Amino acid sequence: MISSQDCPCGHGPYAECCQPLHLKQQSALNAEQLMRSRYSAFALQQIDYILETTALGQQSALDRAAIADWSKSNQWLKLELIEYQPKLDKTHALVEFKAHYHDGKQAHVHHEVSHFVLHQQHWYFLDPTLDMQITMKQPCICGSGKKFKQCCAQFI
Ligand SMILES: [Zn+2]
Ligand SMILES: [Zn+2]
């Protein structure tokens, strides 16, 4: 994709939208921006970005090949933002969205309510699909130093 083209997330030219985030020149200012940039990363197969913006303690459990395959095997049509709640508490936010994509045979809509966590001024996605086998008393996956139960467990 050329920088002057529209960003897959639908928020303007790629060069002024998600590209600086993908290139690590900027980091997402809020959970909504992170969500958009993760959608664009799926559309443009920026797999490292998907991995690196998942909660720190979850990154090792991600299946890179599966993510790459999912990214590549679909055509990403449109992102539709439904709801954004910037402050569930001091460090957690919610973004509800619909990702429209085409799998080569037919169009689909992936509807998701995602949770995000702020850690040392960076936002991360909390992946609810990973089986972390973490107990409630262990330190949280986000790196906050709190017990999991008192931190991100409430949101995933
Ligand atoms: Zn964008
Ligand atoms: Zn946490």
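Numbering of ligands and ligand atoms starts at 1, following listing order. Everything quoted here is computed from the prediction, not taken from an experiment.
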Pairwise side-chain contact, Cys7 with Gln19, heavy-atom cut-off 4.5 Å (strictly under): no
Roughly, to 10 degrees, what angle do Cys142 atom SG and Cys152 atom SG form around the Zn ion (ligand 2)? 110°
Qualifying residues under salt bridge (charged side-chain N to carboxylate O under 4.0 Å, His left out), relative to Lys24, sequence neighbours excluded: Glu52
Kindly indicate, with the supporting measurements, whether the criterion side chain to side chain donor-acceptor pair (under 3.5 Å) is fulfilled by Glu96 and His111. CA-CA 8 Å; Glu96 181 179 357; His111 185 184; 2.7 Å; yes
Looking at OG1 of Thr91 and NE2 of His119, how far apart are the two atoms once the value is rounded to the nearest 0.5 Å? 10.5 Å
Aromatic plane relationship, Tyr39 with Trp76 - under 30° parallel, 30 to 60° tilted, over 60° perpendicular: perpendicular
Measure the acute angle between the ring planes of Tyr101 and Trp70, then classify it against the limits of 30° and 60° as parallel, tilted or perpendicular. perpendicular
Has His119 got an N, O or S atom lying less than 2.8 Å from the Zn ion (ligand 2)? no
Listing by chain and number, which protein N, O or S atoms are under 2.8 Å from the Zn ion (ligand 1)? Cys7 SG, Cys9 SG, Cys17 SG, Cys18 SG
Would you say Cys140 reaches the Zn ion (ligand 2) with an N/O/S atom under 2.8 Å? yes
For Phe116 and Phe125, take the angle between the two ring planes, folded into 0 to 90°, and tell me which bin it lands in: parallel under 30, tilted 30 to 60, perpendicular over 60. tilted
